Asks: 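Let me give you the structure first, and then I'll get to my questions.
Residue numbering restarts at 1 for every chain, and letters A, B, ... go by the order of the sequence lines. These numbers were taken from a predicted model, which means no experiment stands behind them.
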2 protein chains.
Amino acid sequence: MTQRPYHHGNLRAALVDAGLELTREGGPGALGLREATRRVGVSPNAAYRHFADRDALLGAVAARVQELMADRMALPAGSGAASSSEADEQARSRLITVGLGYIEFALEEPGWFAVAFFPAPGSAPADSPYRSPATAPPFRMLVEALDTMVTAGVLDPRARPGAEWPCWSAVHGFAELAIHGPLRGLPAAELRALAERTVAAIVTGVQT
Amino acid sequence: MTQRPYHHGNLRAALVDAGLELTREGGPGALGLREATRRVGVSPNAAYRHFADRDALLGAVAARVQELMADRMALPAGSGAASSSEADEQARSRLITVGLGYIEFALEEPGWFAVAFFPAPGSAPADSPYRSPATAPPFRMLVEALDTMVTAGVLDPRARPGAEWPCWSAVHGFAELAIHGPLRGLPAAELRALAERTVAAIVTGVQT
DNA sequence: ATCATCGTGTGGACGTTGTCCACATCGCGA
DNA sequence: TCGCGATGTGGACAACGTCCACACGATGAT
């Protein structure tokens, strides 16, 4: 029960797991290279056999968090028996669901969220080896939702290119405001209402 | 020319100035308590006579950055001889100007922007002594722009309460995406176009 | 079957950081 | 004139990321 599988074997995976634990509360700053190695019961320098430096480990953790995020975002899509029957409305509400899922994850796991996409402002200089966001699972969900909106006819194809950015901007900004910003500490119900309003606003704004 | 005014006198102000220099490039992480004191030519511990800890200094720097931000946002409001003559359109375009000014500042001074409002994700735990955003100058500009929109009749008073958050979310999120995110490195012209589209989308979204 | 090799983990060290403690100093008011 | 309180100093401690040289242990070639 102590540590059977590795000591040999899959360090690196173990370090990433430790990184997930550490960043879950405390965000990127809580990921210490020494602390992570300590948790898996290994010398600090052992990490350097698998990661160039602390930032590389952070990047690997970020990639895992993105997957967790996409999983959680796929879940609450259980608005199966929707109220409005039209496929039009369904396409629009799918985009809304994706956006709300993004925000929901951010609020439930603020530490992970801070790690997910970008180098924490000020930690990495400018050029970091983070996973390209074009392949990030949550981003792909957004792209698909927008695409089905245009095939459903609720989004003008001429407005489609680049529509990702207003959408992502709004939900990401809202999450930031709600976690570190002035909306922090608001009752969950009010937060939810504001989130719905924000998402609705940006969706109709993109549609016009 | 070396350092006449203090050595006695206005340390604290000098430390904040040093903090501004340090954070301008490098963001919050570049602000070191030791480095700041080194720059003003004083012992590291001298700082503790004026700030409880590093985070307190960062907070003071953040407050100053907010003022700089408001100044810069007030400038490009020079769309005096506007194209559309109606006061309605002017109120709407004022909100747009505020939003674009926010983004513009963020792009020109990414280091300062990262410091301006919130504790960098992961640097401060959760409860930080940052300036309350309700009094932050840029926020007040947003509030006033929205208020004049309702007096101008272009914003339904019933939609007014809470309209700050969708707006702020969109511009803040866009700035984040453009600085650390997938939009980083895009040519300034395209970035500008996307910013305008994002701001326009959220404004019409809030109006409906 | 022996041995060299290479991937992996260890131990020690260096320079840096934030923060605490006790001590020094300087100016202002009694 | 003297002392006191505000301000700055010096030294120390623990923690961090990172580099170096070294030690293990399985693996493939001889």
Asks: Which is it for A:Glu35 and A:Arg38 under the salt bridge (Lys or Arg N to Asp or Glu O under 4.0 Å) test, yes or no, and what are the steps along the way?
Replies: CA-CA 5 Å; A:Glu35 177 67 22; A:Arg38 198 176 299 132; 2.5 Å; yes
Asks: Once you round it to whole Å, what is the distance between C1' of D:dG8 and CG of B:Leu15?
Replies: 12 Å
Asks: Return the CZ to CZ distance between A:Arg12 and A:Arg49, rounded to the nearest 0.5 Å.
Replies: 14.5 Å
Asks: Taking only residues two or more places apart in sequence, or in another chain, which ones meet A:Ala193 in a side-chain contact (heavy atoms from CB on, under 4.5 Å)?
Replies: none
Asks: Mark up nucleotides 17-22 of chain C, 5' to 3', with B wherever a protein heavy atom is under 4.0 angstrom from a base atom, S wherever such an atom reaches only the sugar-phosphate, and - elsewhere.
Replies: BBBBBB
Asks: Expressed in angstrom and rounded to an integer, what is the separation of B:His50 atom NE2 from D:dT9 atom P?
Replies: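 Atom NE2 in B:His50 sits about 10 Å away from atom P in D:dT9.
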Asks: Please confirm whether the ring centroid of A:Phe139 lies under 6.0 Å from the ring centroid of A:Tyr102.
Replies: no
Asks: Please enumerate all residues that pass side-chain contact (heavy atoms from CB on, under 4.5 Å) together with B:Ala46, with sequence neighbours excluded.
Replies: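 Expected list: B:Leu11, B:Val42.
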Asks: Figure out the CZ/C1' separation between B:Phe51 and D:dT7, and round it to whole Å.
Replies: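 Atom CZ in B:Phe51 sits about 14 Å away from atom C1' in D:dT7.
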